[in-house]
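Note sheet for the following structure.
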Number of protein chains: 2
Amino acid sequence: MYRYEYPRPAVTVDVVIFSMRADDLVVLLVKRKLAPYKGQWALPGGFVNPNESLDRACARELEEETGLSNVRFQQLGAFGDPGRDPRGHTISVAFFTFIVAESAILRAGDDAAEVAWHPLANLAKELPTGTHPAPVRRTKARAVVGKGGKPARPSRATKKGTIDLAFDHRRIIDMAQMCLVERLRDPTRAASFDLVPSHFTMSELQRVYEVVLQHPLDKRNFRAKLLAAHLIEPASASRRGPHRPAQLYRWKGAAR
Amino acid sequence: MYRYEYPRPAVTVDVVIFSMRADDLVVLLVKRKLAPYKGQWALPGGFVNPNESLDRACARELEEETGLSNVRFQQLGAFGDPGRDPRGHTISVAFFTFIVAESAILRAGDDAAEVAWHPLANLAKELPTGTHPAPVRRTKARAVVGKGGKPARPSRATKKGTIDLAFDHRRIIDMAQMCLVERLRDPTRAASFDLVPSHFTMSELQRVYEVVLQHPLDKRNFRAKLLAAHLIEPASASRRGPHRPAQLYRWKGAAR
DNA sequence: TCAAAAGTGTTGGCTGTACACCCATGG
DNA sequence: CCATGGGTGTACAGCCAACACTTTTGA
């Protein structure tokens, strides 16, 4: 038992980790082993320890619940509406980032019954005041890329199979997504995310952009803009499949 | 006494309110009546009450300590490094905004011995790792505006008269300033601040921009850009001093 | 030789920036 | 009539978006 002269809200951290899988923008979620929201999917996160910085708490909770380490985050903001946690007044500081799903070895631990990537499209939308909105549902695994220029309209029918998240985590994810899109517009800021493996082709990087921004990009413009930023440099050539081999690039300040 | 099963950090809010006075960018500070940092200047702020949203806590604390109300904030982020508060682990959620100093009626209350606007230039700089940096000191009340294009270099000598702030408040102010500058670049976002009174001339608004951005702007470009955004509309003409009268404008969605 | 992805330049529109002179007023 | 700030337009540069064909490879 811990005693304080004045009441204190609890403080948690929550982590939004985006990635791309099969041309879908996905988020890393854990299935809660404990109440509240037992059995529901939620963002990895948990309570901040005494004298622990927010960044450390974030890294620790992520490691405990998903097995991931060595991930660099950006702070998204604090969420403190009363009622956002049924256990009582809880303030959550949210962080977000983007990593390469393939390089992430997941291991459910601690309060997590399960860890998995979920396409954003499969998550039930937050009710934005008023009627319950139709959940987004894609016709195919292939994302909006190449769909014409505008994001695909979600189908109108409330298809079941959409996942309701615990707490206000859907809202946090929405804000993180907006923030991610914002950062991607500037290549310099975008470079602080692990959008692609250490060595990558232009097309690979471009595909990530297209999935996150939800619209197709022009190959030549993309290439030109990125090279103009002088953030990447050529490495050695690759080959693959029945195609012309592509030039590999790496980030300029890269250690490996 | 309040008891919890696990230890909890304390949660506070801090408010950075910028304004312009005599061509200086100023911040609203309170002189602390209580320990820690008793007698030192600090941002208005304080502990979050049970079941109080962060925004409400922010508004309440501001009102209690400075007498200001009806101020709309933007969240800056959470600051939670252990050691930032000598009383123990404390997480602060910071907010910021810009208001018109002239329309603000200040009244020190609560834990504040005094409330006052302070030019940013008078605040001691944060030590950025390494040697103690020279505090900024302006030669005149006139800010950097018209100084050539680049911000003025601070003089090298550690002039006394600079104010050391409590806690990590200097750092918070620095981040808030960066964020404010960022927002001002887009007129749409800038409109969410009270940069000028309800009716204002182009020059008045431009002067605010120049003080915040710390460099002079071109009159014609400024005017053109702002009118192109369709955010303001002409009101009725004014006159003043021995000059040609200036057109008054107001924000388009404005109530009054 | 075919399918599939890689690679490559130019153009037009828009946006930002630099720049100088006349105007209306009060004193 | 003069000092003071108000008001106006144009020209160039850089950035972004649109656009189509050739190249290289494996099958």
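On a predicted model such as this, the values are computed, not experimentally measured, just so you know. So that the names make sense, note that chain A is the first sequence line, chain B the second, and so on, each numbered from 1.
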Donor-acceptor pair under 3.5 Å: do we get one between B:Lys225's side chain and the base of C:dG16? no
For C:dA20, does the base pair up with any side-chain atom of B:Arg220 as donor and acceptor (N or O, under 3.5 Å, distance only)? yes
Can you tell me the distance, in whole Å, between the [atom1] atom of [X] and the [atom2] atom of [N]?
X        : N      : atom1 : atom2 : result
B:Leu205 : D:dG5  : CG    : C1'   : 17 Å
A:Lys219 : C:dT10 : NZ    : C1'   : 17 Å
B:Arg223 : C:dC21 : CZ    : P     : 19 Å
A:Arg244 : C:dG7  : CZ    : P     : 6 Å
B:Asp218 : D:dG6  : CG    : P     : 14 Å
A:Gln206 : C:dA5  : CD    : C1'   : 12 Å
A:Arg185 : D:dC15 : CZ    : C1'   : 15 Å
A:His215 : D:dC16 : NE2   : P     : 13 Å

Stepwise side chain to side chain contact (heavy atoms under 4.5 Å, CB included) check, B:Val208 with B:Phe98: CA-CA 10 Å; B:Val208 175; B:Phe98 189 107; 3.8 Å; yes
First of A:Pro242 and A:Glu204 reached from the 5' end of DNA chain C, by closest nucleotide: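 So the residue in question is A:Pro242.
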For a quick test of reading the model: is some side-chain N or O of A:Ser203 closer than 4.0 Å to OP1 or OP2 of C:dA6?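 Checking C:dA6 against A:Ser203, a side-chain N or O does come within under 4.0 Å of OP1 or OP2.
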Closest to the B:Asn221 side chain, choosing from D:dC16, D:dT8, C:dC19: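 Within the option list, the nearest is C:dC19.
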So which nucleotide from C:dA5, C:dG7, C:dG9 ends up closest to the side chain of A:His243?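 The answer is C:dA5, which lies nearest to the side chain.
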Any idea how A:Phe18 and A:Phe96 line up, ring-wise: parallel (<30°), tilted (30 to 60°), or perpendicular (>60°)? perpendicular
When the ring planes of B:Trp251 and B:Phe200 are compared, do they come out parallel, tilted or perpendicular, using 30° and 60° as the limits?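 Rings of B:Trp251 and B:Phe200: tilted, 30 to 60°.
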Check the surroundings of atom CG in B:Asn70: do more than 12 heavy atoms from other residues, nucleotides or ligands lie under 6.0 Å from it? no
Should we count CZ of A:Arg107 as having more than 12 external heavy atoms under 6.0 Å?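 Correct, the count exceeds 12.
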Judged by each residue's nearest nucleotide on DNA chain D, which is more toward the 5′ side, A:Pro245 or B:Leu227?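 Comparing both residues, the 5'-ward one is B:Leu227.
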